[in-house]
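Working notes, structure below.
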Amino acid sequence: MSTFDESEAFEAAVPLSRRAMAGRPAPYLDGLNPAQREAVEALEGPVLMLAGAGTGKTKALTTRIAHLLNTGAARPNEILSVTFTNKAAREMKERVAGLLGESVEGMPWLGTFHAICVKLLRRHAELVDLKSNFTILDTDDQIRLLKQLIIAANIDEKRWPPRLLANVIDNWKNRAWLPENVPAAEAGAFDHKGVALYAEYQQRLRTLNAVDFGDLLLHVVTIFQRNDDVLQQYRRWFRFILVDEYQDTNVAQYLWLRLLAGGHQNICCVGDDDQSIYGWRGAEVGNILRFEKDFPGAKVIRLEQNYRSTAHILAAASGVIASNKGRLGKTLWTEAEGGEKVRLIGHWDGEEEARWIGEELEAMGHGTRGLPPMSLNDCAILVRASHQMRAFEDRFLTIGLPYRVVGGPRFYERLEIRDAMAYFRLAVSPDDDLAFERIVNTPKRGLGDKAQQKIQVAARANGVNLVDGARVLLAAKGLTGKGATALAQLVAGIDRWHVAARNPEQSHIELAEQILEESGYTEHWQNDKTPEAPGRLENLKELVKALENFDNLQGFLEHVALIMDNETEDAEAKVTLMTLHAAKGLEFPAVFLPGWEDGLFPSQRAMDETGLKGLEEERRLAYVGITRAEALCTISFAANRRIYGQWQSALPSRFIDELPEEHVDVLTPPGLYGGGYGAAAQPARSDLHEKASRADVYNSPGWKRMQARGETRGISQPRESRNVVIDLEAVSSFGEGDRVFHKKFGYGAVVGVEGDKLEIAFDKAGVKKIVAHFVVPAASADDVPF
DNA sequence: GGATAAATGGTTTTT
DNA sequence: CCATTTATCC
């Protein structure tokens with residue numbers, strides 16, 4: 001489904017007289033530094049703005065737009081301005097409006113690559129054999145489609161999972177390769193069947209009148225390449241092009257931009273090669289590195305004055321990133337003086353790390369380290385991988401520290417929302433076969449694989465959509481009993497909803513409620529006893545509420561992206577927990593960077609898969625992390641960490657060695673005080689400094705010693721060995737009458753033994769047969785602390 | 001077809 | 001360890 005903003009009509013040009021605006025005063029220029037000003041005023045020709053972290057990149061970009069408009073060089077509809085996220089696009093719109101007052105209306109061509117491509121593609125769909133009302137499939141639809149193809153091709157979907165094929169195809173699309181253009185070197189992909197499946201997939205999409213995210217770019221590039229008249233039209237139309245986050249563009253986006261800028265070359269790209277962290281998703285740092293070759297005579301402007309961070313933070317970040325090769329090179333500087341050094345601290349294990357950060361956060365409210373008191377809203381914890389968040393959530397829940405998680409599953413990706421949306425899609429367009437497949441047996445209607453196959457056959461034989469296929473099947477009495485009744489009811493429902501959806505008198509909100517009610521979908525979750533069910537019902541209500549902002553279902557479906565932006569701004573101050581990737585572009589007064597251990601960060605997998613390239617991207621991630629901090633940056637690592645239930649020890653991240661010592665304040669691990677709860681709770685500040693001054697604490701010998709100590713003290717042993725003992729006893733010693741504990745069913749008594757299977761009467765969950773090793777003697781379970 | 005037990009596998013994420 | 005998928009039994 002479409003997940004972004006298609007609101008402004010193509011023709012929504014704002015009729016503004018160029019001359020009327022020319023010669024207006026430009027007060028907005030006053031607040032710029034010389035480099036920013038140069039970037040704003042160099043309106044003609046190619047410009048590359050190399051904007052380091054916190055150097056006022058968005059300010060320069062938006063001022064440039066304002067300047068284009070204010071001088072009369074361009075009208076709002078003549079500026080093509082692309083971003084990667086809806087959030088960035090929205091922010092730019094707001095800031096341009098702010099600069100120019102209320103006098104300029106929205107810019108129709110300021111948006112994400114994808115949103116802009118949707119508009120273009122709707123206009124020229126027929127040039128790539130599509131109808132202009134094509135559907136946009138999201139990853140989930142895409143994978144289900146690929147799964148069908150894989151099964152049809154008789155490929156073992158265990159060994160060759162659809163998700164992998166989706167990745168392969170996405171990668172090819174990111175490189176702008178059509179099936180016939182995939183290079184021979186890639187022929188081995190997906191068991192040598194990748195290219196053929198890709199071709200088949202594209203064909204299938206065409207039949208469905210659908211596109212995936214990659215197609216949006218790819219189709220438009222194809223249209224431009226094959227229809228020069230169309231390309232020329234847009235070259236005339238978009239007289240000025242601006243690109244944000246240029247380091248994140250992939251090949252398809254790069255081609256798209258080059259085609260459009262090919263005539264006038266009025267293209268201004270803003271980016272920071274040091275913040276390229278999406279290589280694994282197809283982004284090519286090379287695009288920014290070779291800008292000057294692509295656009296000869298390009299003006300390269302460096303924004304290097306940083307307005308965000310203290311000198312220490314900046315120096316630490318620069319020290320780390322300096323190890324990367326092939327940079328365009330920038331030297332960030334700041335007028336700010338003083339400030340706290342970057343703090344570095346090691347911990348025994350991940351739990352202690354979480355405990356320590358929790359205590360620091362609590363202390364933050366009273367003002368620490370010469371800094372004014374901070375609100376939790378000013379603090380963020382940035383992790384490499386989302387699973388690292390759990391330790392913090394656990395800890396914060398027990399001490400009652402409010403936190404918010406950014407990222408996580410998006411609203412519109414949730415199961416219940418996608419189901420509900422599928423119903424809405426069918427109401428709007430009964431041709432939407434993928435939506436039909438999704439909901440035909442959700443809630444359960446007794447229409448299993450066999451029944452669904454019959455529907456497919458009937459539809460294909462008659463060349464109609466699945467809803468009509470179902471109709472034919474029913475008329476031919478090809479289905480009997482309960483299934484037939486249920487299917488007839490569903491088809492009748494879809495017909496009814498479709499009529500209602502086309503009736504302008506019908507309230508779409510009531511219709512949505514009616515659909516969820518009549519389809520039995522609401523009831524399905526009401527009857528569900530799993531703990532998630534109430535939340536899902538809540539989400540469905542939220543979904544219906546979101547409809548209020550739209551005129552009809554159709555409009556809503558095209559705007560789904562807007563729902564995902566419902567970041568509820570609540571009054572309570574909370575610390576933010578997110579991944580480093582999600583943090584790009586944000587800033588916080590205080591930032592914690594936990595988990596700096598080799599293998600975790602830099603991630604082992606990144607290094608295994610792409611070697612040095614991967615390591616450098618990880619290093620850029622470290623750079624992004626440090627530069628998010630304004631006043632206080634705290635890096636930490638743990639010597640031991642429980643990963644997948646196993647205790648593992650790790651060495652501090654190699655990035656830690658790259659931090660320039662003179663900008664780092666090494667805090668002694670609380671464990672060295674004798675450990676224990678609360679050792680860090682009342683840390684005497686002077687004491688910390690005293691220990692910190694022992695230089696060897698942070699150089700490798702120091703860490704080695706600390707680790708050695710960790711081993712002799714056996715920090716991780718008690719828990720580990722206890723678990724092993726439990727398991728061994730569990731297998732051998734059960735008999736009738738024993739009290740046992742199962743992690744899912746709780747306590748119970750053994751009532752029978754058959755080999756390694758036990759029959760257990762659980763206190764709460766009834767009688768079950770369980771393999772012995774899933775169960776633990778109740779007495780041992782009681783022993784486990786906490 | 002559906003509930004439930006067992007096995008599996010496990011970065012980063014936008015559109 | 002834990003969430004999700006797969007296999008099995010009714």
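Chain identifiers are assigned alphabetically (A, B, ...) following the order of the sequence lines, protein sequences preceding nucleic acid strands; residue numbering begins at 1 within each chain.
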Of the options A:W109, A:Y246, A:W256, which is the one that meets A:V82 in a side chain to side chain contact (heavy atoms under 4.5 Å, CB included)?
A:W256
Applying a 4.0 Å non-hydrogen cut-off, can you work out what A:Y644 is touching in the nucleic acid: base, sugar-phosphate, or nothing?
base
Could you tell me whether A:S386 contacts a base, only the sugar-phosphate backbone, or nothing, with contacts defined as non-hydrogen atoms closer than 4.0 Å?
sugar-phosphate
Just compare B:dT11, C:dC1, B:dT15 and give me whichever is closest to any side-chain atom of A:T85.
B:dT15
Using the C1' atom as the point on both nucleotides, what is the distance between B:dT13 and C:dC2, in whole Å?
22 Å
Spacing between A:L580 atom CG and B:dT11 atom C1', to the nearest angstrom:
12 Å
Those residues that, when tested against A:E523, pass salt bridge (charged side-chain N to carboxylate O under 4.0 Å, His left out) (two or more places apart):
none
To the nearest angstrom, how far is A:I643 atom CD1 from B:dG9 atom P?
19 Å
In terms of side-chain heavy atoms of A:K444, which of B:dG2, B:dT15, B:dT13 is nearest?
B:dG2
Look at the side chain of A:R384 against the base of B:dT11 and say whether a donor-acceptor pair falls under 3.5 Å; ignore hydrogens and angles.
no
How many whole angstroms separate atom CZ of A:R445 from atom P of B:dG2?
11 Å
Measure from the side chain of A:H581, starting at C-beta and using heavy atoms only, and say which of B:dT15, B:dT11, B:dT13 lies closest.
B:dT13
Between A:H387 (NE2) and C:dC1 (P), how many Å, whole number?
16 Å
Does A:N441 put a side-chain nitrogen or oxygen below 4.0 Å from OP1 or OP2 of B:dG1?
no
By side chain to side chain donor-acceptor pair (under 3.5 Å), A:Q148 pairs with (sequence neighbours left out) A:E437
Between residues 598-607 of chain A and DNA chain B, which residues have a heavy-atom gap below 4.0 Å?
A:S603, A:R605, A:A606
Mind checking if A:R390 touches a base, just sugar-phosphate, or nothing, with heavy atoms under 4.0 Å?
sugar-phosphate
Taking the P atom of each, how far is B:dT12 from C:dT5, in whole Å?
16 Å
Partners passing side-chain contact (heavy atoms from CB on, under 4.5 Å) against A:A210 (at least two apart in sequence or in another chain):
A:T135, A:L137, A:L205, A:L208
On DNA chain B, more 5' by nearest nucleotide between A:G446 and A:F84 is A:G446
By side-chain contact (heavy atoms from CB on, under 4.5 Å), which residues pair with A:Q648, not counting sequence neighbours?
A:I643
Quick one: A:L164 CG to B:dG9 P, roughly how many Å, whole number?
14 Å
For A:Q253, report the nucleic acid contact type (base, sugar-phosphate, nothing); a contact means any heavy atom under 4.0 Å.
nothing
Figure out the CD/P separation between A:E609 and B:dG10, and round it to whole Å.
11 Å
Mark this stacking check for A:Y278 against B:dT13 as yes or no, applying ring centres under 5.5 Å and ring planes under 30°.
no
Out of curiosity, A:M92 CE to A:T83 OG1, how far, rounded to the nearest 0.5 Å?
7.0 Å
Residues forming a side-chain contact (heavy atoms from CB on, under 4.5 Å) with A:E618, sequence neighbours excluded
A:R384, A:F601, A:P602, A:S603, A:A606, A:L621, A:F655
Could you tell me the separation between the CG atom of A:L487 and the P atom of B:dG1, rounded to a whole number of Å?
13 Å
Round to a whole Å and report the spacing from CG of A:D248 to C1' of B:dT13.
11 Å
Report the distance from atom CD of A:Q247 to atom CG of A:D273, rounding to the nearest 0.5 Å.
8.0 Å
